Amino acid sequence: GQGVDEPLSATGFRQADAAGLFLSNVKFTHVFSSDLLRTKQTAAAILGKNKFCKDLEIKYDARLRERKYGVAEGRPLADLKAMAKDAGEQCPSFTPPGGETLDEVRERAREFFEFLCRLAVELEQKGHSKPGATIRSSGTCGEQFVFPWTSHCSEAEPSSEGGGSSAVLDANILVVSHGAYMRNWIGYFVSDLNCTLPANLTKSQLSSVSPNTGVSHFIIKLENGKLLKPEITCVCLNQDSHL
């Protein structure tokens, strides 16, 4: 939850370092983190292992905080399950007194995602306004653009439709957040924005909470700056091979 703002454990620091090594060849343009201590430390550890952007500023955002669990915060998961059972509800959807509903968490995720989309479009527009600037289309992958679980660039592929290439936005964004929050965010991608999922992904995998420092990779296309109709493709979900 939000109310218990403890640092990472020794295991947590090892996991964060492992994630950093795993992502060390990815050149991020922006890093956002929840403003809770455990995510701040995780984001710092990931950047600390990066070959290209060790000095990139981490921006902290309260919209990325874990779900608020009210009276259940700081207590064992078994207590939360017992509360849900007493209320005649299932644990994931149960809201303890003083906690956030799933809809409230999803609204935070929606607001933050729309903020990221606006950021990417503004970057592209600024690029066009510079003297001599050109629209950059996908080309050969440099090492820094290759993610460890795919042979493809983090960039969108050029479009052959209409005989020309589509513009590529140079936004490679790392977001460090929390398990329950991210599960809700991914649910928003799938149910509201029709995110394309890997063919081998099961329903149980889709609804599961990411392991600590699990990595998910999404490619977002905003054709002609259309913020309301992003095309979202999930490359991988809750990747944990680095653990």
Side-chain angles (χ1 to χ4, degrees), residues 20 23-35 39-40 42-44 46-65 107-148 150 152-177 181-182 185-186 188-189 192-196 215-235:
L23 298 172
S24 61
N25 284 324
V26 181
K27 187 176 181 180
F28 295 109
T29 57
H30 301 78
V31 180
F32 292 92
S33 168
S34 156
D35 61 353
T39 39
K40 286 182 175 181
T42 300
I46 291 172
L47 279 192
K49 299 290 184 182
N50 197 278
K51 295 179 181 178
F52 303 98
C53 44
K54 280 184 171 67
D55 298 324
L56 194 61
E57 179 188 3
I58 302 171
K59 296 184 178 179
Y60 304 112
D61 198 306
R63 289 175 294 187
L64 293 172
R65 287 181 180 180
E107 180 63 16
R108 278 201 284 127
R110 182 192 65 78
E111 284 185 7
F112 184 77
F113 176 64
E114 290 181 356
F115 157 74
L116 290 185
C117 290
R118 289 193 301 271
L119 172 68
V121 169
E122 287 168 6
L123 282 172
E124 198 251 357
Q125 290 172 342
K126 286 178 182 177
H128 285 186
S129 67
K130 292 177 182 177
T134 58
I135 298 175
R136 201 173 67 81
S137 60
S138 305
T140 304
C141 288
E143 182 192 13
Q144 67 267 35
F145 292 114
V146 179
F147 283 81
T150 175
H152 299 293
C153 297
S154 59
E155 305 173 285
E157 292 299 317
S159 171
S160 58
E161 295 179 12
S165 294
S166 61
V168 175
L169 303 183
D170 261 339
N172 245 6
I173 303 174
L174 172 66
V175 179
V176 184
S177 186
Y181 176 89
M182 290 188 292
W185 188 352
I186 293 163
Y188 162 67
F189 273 3
D192 292 29
L193 299 180
N194 300 312
C195 174
T196 300
V215 179
S216 297
H217 179 194
F218 295 90
I219 296 175
I220 317 294
K221 291 183 183 179
L222 298 166
E223 292 292 339
N224 301 316
K226 291 181 181 177
L227 294 173
L228 297 180
K229 291 187 177 180
E231 180 184 324
I232 305 175
T233 302
C234 177
V235 178

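What you are looking at is a predicted structure, and each value in this text was computed from that prediction instead of being measured.
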Subject >> Candidate pair Cys195 and Phe218, rule side chain to side chain contact (heavy atoms under 4.5 Å, CB included), full reasoning >> reply: CA-CA 9 Å; Cys195 174; Phe218 295 90; 4.0 Å; yes
Subject >> Distance, nearest 0.5 Å, that separates CG of Leu174 from CG of Leu56 >> reply: 9.0 Å
Subject >> Heavy-atom closest pair, residues Cys53 and Phe28 >> reply: SG-N, 3.6 Å
**OP:** Nearest 0.5 Å please: distance from the CG atom of Leu193 over to the CZ atom of Phe113.
**Re:** 6.0 Å
Original post:
Do the non-hydrogen side-chain atoms of Val175 and Leu116 ever get within less than 4.5 Å of each other?
Top reply: yes
Original post:
Rounded to the nearest 0.5 Å, how far does CG of Leu123 lie from NE2 of His30?
Top reply: 4.5 Å
**OP:** Look up atom OG1 in Thr233 and atom NE2 in His217, then write down how far apart they are to the nearest 0.5 Å.
**Re:** 9.5 Å
Original post:
What closest approach, in Å, do Ala120 and Leu222 show between heavy atoms, and which atom pair accounts for it?
Top reply: CB-CD1, 4.4 Å
Subject >> Set of ring-ring contact (aromatic ring centres under 6.0 Å, His included) partners for Phe115, sequence neighbours left out >> reply: Phe32, Phe112
Subject >> side chain to side chain donor-acceptor pair (under 3.5 Å) involving Asp61 - partner list, sequence neighbours excluded >> reply: Arg63
Subject >> Nearest atoms (heavy-atom pairs only) where Leu47 meets Lys54 >> reply: O-CG, 3.4 Å
**OP:** Could you list all the side chain to side chain donor-acceptor pair (under 3.5 Å) pairs where at least one residue sits in residues 108-123, not counting sequence neighbours?
**Re:** Glu100-Arg108, Glu107-Arg110, Arg110-Glu114
Subject >> Interatomic spacing from CD1 in Ile173 to CG in Leu119 - rounded to 0.5 Å >> reply: 5.5 Å
**OP:** Report the residue from Thr196, Val235, Ile232 that forms a side-chain contact (heavy atoms from CB on, under 4.5 Å) with Ile219.
**Re:** Val235
Subject >> Check: Ser177 side chain, Leu64 main-chain N or O, donor-acceptor pair, under 3.5 Å >> reply: yes
**OP:** Mind checking ring-ring contact (aromatic ring centres under 6.0 Å, His included) for Tyr188 and listing every partner two or more places apart, or none if nothing turns up?
**Re:** none
Original post:
Short question: side chain of Asn50, backbone of Val26 - any donor-acceptor pair under 3.5 Å?
Top reply: yes
**OP:** Please check if the side chain of Ser33 supplies one atom and the backbone of Tyr60 the other of a donor-acceptor pair under 3.5 Å.
**Re:** no
Subject >> Residues which pass side chain to side chain donor-acceptor pair (under 3.5 Å) with Asp35, listed by chain and number, not counting sequence neighbours >> reply: Arg65
Original post:
side chain to side chain donor-acceptor pair (under 3.5 Å) with Thr39: which residues, sequence neighbours excluded?
Top reply: Ser34
